[in-house]
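Everything numeric in this text was worked out from a predicted model, so none of it was measured.
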Amino acid sequence: MTDTLADAAVYTDPTGATRALPDPEADARVRADDRGHVFHSWSAQALIDPLPIAAGDGATFWDYSGNAYLDFSSQLVNLNLGHQHPDLVRAIQNQAGRLATIQPAMANDVRGELARRIAEVAGDGFEKVFFTNGGADANENAVRMARLVTGRRKVLSMYRSYHGNTTTAISLTGDPRRWPNEPADGSTAKFFGPYPYRSAFHSSSVEEETQRALEHLEQTIVLEGATTIAAIIIETIVGTNGVLVPPPGYLAGVRELCDRYGIVYIADEVMVGFGRVGEWFAFQAFDVQPDLITFAKGVNSGYVPLGGVVMSDRIASHFDTVSFPGGLTYSGHPLACAAGVATFEVFERDGILERVRDLGSRVVEPRLRDIASRHPSVGDVRGMGLFWALELVKDRETREQLVPFNASGTDAAPIAAVAAACKREGVWPFTHFNRVHVAPPLVITEDELVRGLDVIDRALSAADEYATH
């Protein structure tokens with residue numbers, strides 16, 4: 001048991017395993033308060049029943065009935081260093097003891113140190129960081145910077161994307177969460193990104209997919225009016241909407257198009273930054289350099305809300321003598337930044353990036369490909385590091401999805417059955433549409449990782465029942 005669990009209803013059993021004590025009274029109280037007073041995001045309030053959580057440690061969390069769940073989604077793919085990491089908790093406690101908060105117009109030691117560390121790992125050409133409270137407002141402010149620097153308004157984004165829930169961010173989002181929020185920011189337009197498994201361009205190879213996707217993007221730029229476009233924003237690896245790894249040459253081609261037409265390239269690294277794929281930032285695996293980098297989530301594992309924009313020197317210099325018209329009361333909050341500095345220290349001390357690359361290539365990828373070979377419901381496997389997706393189908397030949405796009409209710413029953421089977425065996429999965437994602441905390445042990453993959457393997461039998469054999 002770690003010291004951070006000392007005050008929780010958790011104990012160590014004779015085998016050395018950490019377990020939670022059942023507490024039905026607390027469970028009832030939490031449920032009553034939640035159902036009576038908490039308004040949940042993305043939900044019809046009367047149709048949900050959130051699970052009360054009592055404690056967490058590493059890659060595991062517990063409910064008030066004492067059930068343990070291996071967190072195979074890192075909550076919302078943000079808990080990179082796991083639950084209750086003692087170094088992060090201690091950093092927050094120490095910071096709170098000496099300076100709990102200070103306004104962003106003043107200089108602060110941990111804010112400055114974290115900005116310097118982020119700029120250093122971003123690479124040459126990046127010196128300045130603008131801190132926000134999360135990923136959505138990071139994207140909002142990156143777009144504002146691009147518009148101010150270029151004097152243009154329009155921003156292009158992919159159909160398969162998610163960039164946040166604020167006005168411009170939700171307008172840039174491609175998935176169905178955008179639909180009920182329209183109209184919002186009218187100066188956005190969409191394009192198809194590369195997706196070899198379901199090519200919008202009828203490509204017969206990865207190379208062809210890259211070429212045709214770039215040709216399509218250039219056509220979009222021309223038809224939308226190159227001189228009206230301030231920025232193109234791309235999730236370096238598309239996250240919730242598919243774990244879509246860009247094929248070789250695609251991001252370099254985007255960079256070239258941006259240079260040719262004077263467009264700012266924004267890399268949305270909110271989900272894949274800070275070690276998720278074994279790099280500080282995912283774009284570093286693709287030999288490309290954006291103009292602006294947005295981040296959040298893994299920068300401090302969400303222990304205290306934090307996000308930001310890493311600015312290229314060219315963008316930052318525009319505001320040397322011109323005021324940037326934006327700011328947030330809690331920008332670079334000391335408690336959040338203290339946890340961010342501790343995150344860097346843990347990454348460097350424990351070799352987190354190397355660990356992620358090793359576990360991804362040696363454990364996850366071969367196991368997922370083996371799973372795919374034995375389950376007729378698995379159509380595709382893709383990912384990097386500790387960020388993978390199994391795309392589920394009814395028919396491997398036709399590639400018909402296991403559930404329809406944006407399915408709900410009975411239409412989503414097959415994927416719901418897979419998720420339920422995982423939970424029954426103590427694994428909390430990440431499922432979205434017709435996919436099972438694998439995104440555990442980066443500190444997960446190899447034994448835990450194998451156990452979680454074993455559970456997914458067995459749970460896919462529920463999907464196989466709907467597949468053509």
Notebook entry, point to check: With distance as the sole test, does E391 use its side chain to make a donor-acceptor pair with the main-chain N or O of A389 at under 3.5 Å?
Noted result: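 Side chain of E391 to backbone of A389, a donor-acceptor pair under 3.5 Å: no, none is there.
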
Margin query: Would the distance check show the side chain of S73 and the main-chain N or O of Q75 forming a donor-acceptor pair, the cut-off being under 3.5 Å?
Written below: yes

Between [Y] and [X], does any NZ, NE, NH1 or NH2 come within less than 4.0 Å of an OD or OE carboxylate oxygen?
{"X": "E446", "Y": "R355", "result": "no"}
{"X": "R160", "Y": "E235", "result": "no"}
{"X": "D454", "Y": "R367", "result": "yes"}
{"X": "D27", "Y": "R31", "result": "yes"}
{"X": "D49", "Y": "R35", "result": "no"}
{"X": "E127", "Y": "R116", "result": "no"}
{"X": "R98", "Y": "D109", "result": "yes"}
{"X": "D380", "Y": "R198", "result": "no"}

Note to self: Show, in sequence, the C-alpha distance, side-chain angles and deciding distance for F295 and W280, and conclude whether the ring-ring contact (aromatic ring centres under 6.0 Å, His included) test is met.
What the structure shows: CA-CA 11 Å; F295 66 87; W280 283 110; over 10 Å; no

Next item on the list: Mark yes or no: R177 above the aromatic ring of Y162, with NZ or CZ under 6.0 Å from the six-membered ring centre and no more than 45 degrees from the axis.
Entry: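 The answer is yes, since R177 meets both limits relative to Y162.
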
Check residues 259-276 and write down every donor-acceptor pair under 3.5 Å in which the side-chain atom is one partner and the other belongs to a residue at least two apart or another chain.
| residue | atom | partner | partner atom | Å |
| --- | --- | --- | --- | --- |
| D259 | OD1 | R255 | NE | 3.3 |
| D259 | OD1 | R255 | NH2 | 2.9 |
| R260 | NE | E256 | OE2 | 3.1 |
| R260 | NH1 | E218 | OE1 | 3.4 |
| R260 | NH1 | E218 | OE2 | 2.4 |
| R260 | NH2 | E256 | OE1 | 2.5 |
| R260 | NH2 | E256 | OE2 | 3.2 |
| Y261 | OH | E218 | OE2 | 2.6 |
| D268 | OD1 | V270 | N | 3.0 |
| D268 | OD2 | N139 | ND2 | 3.0 |
| D268 | OD2 | H163 | ND1 | 2.8 |
| E269 | OE1 | A282 | N | 2.7 |
| E269 | OE2 | T236 | OG1 | 2.7 |
| E269 | OE2 | A282 | N | 3.3 |
| E269 | OE2 | F283 | N | 2.9 |
| R276 | NH1 | L386 | O | 2.8 |
| R276 | NH1 | P440 | O | 2.7 |
| R276 | NH2 | S74 | OG | 3.1 |
| R276 | NH2 | N80 | OD1 | 3.0 |
| R276 | NH2 | P440 | O | 3.3 |

Check: Can you list every salt bridge (Lys or Arg N to Asp or Glu O under 4.0 Å) pair that touches residues 142-156, not counting sequence neighbours?
Finding: R147-D185, R153-D185, K154-E224

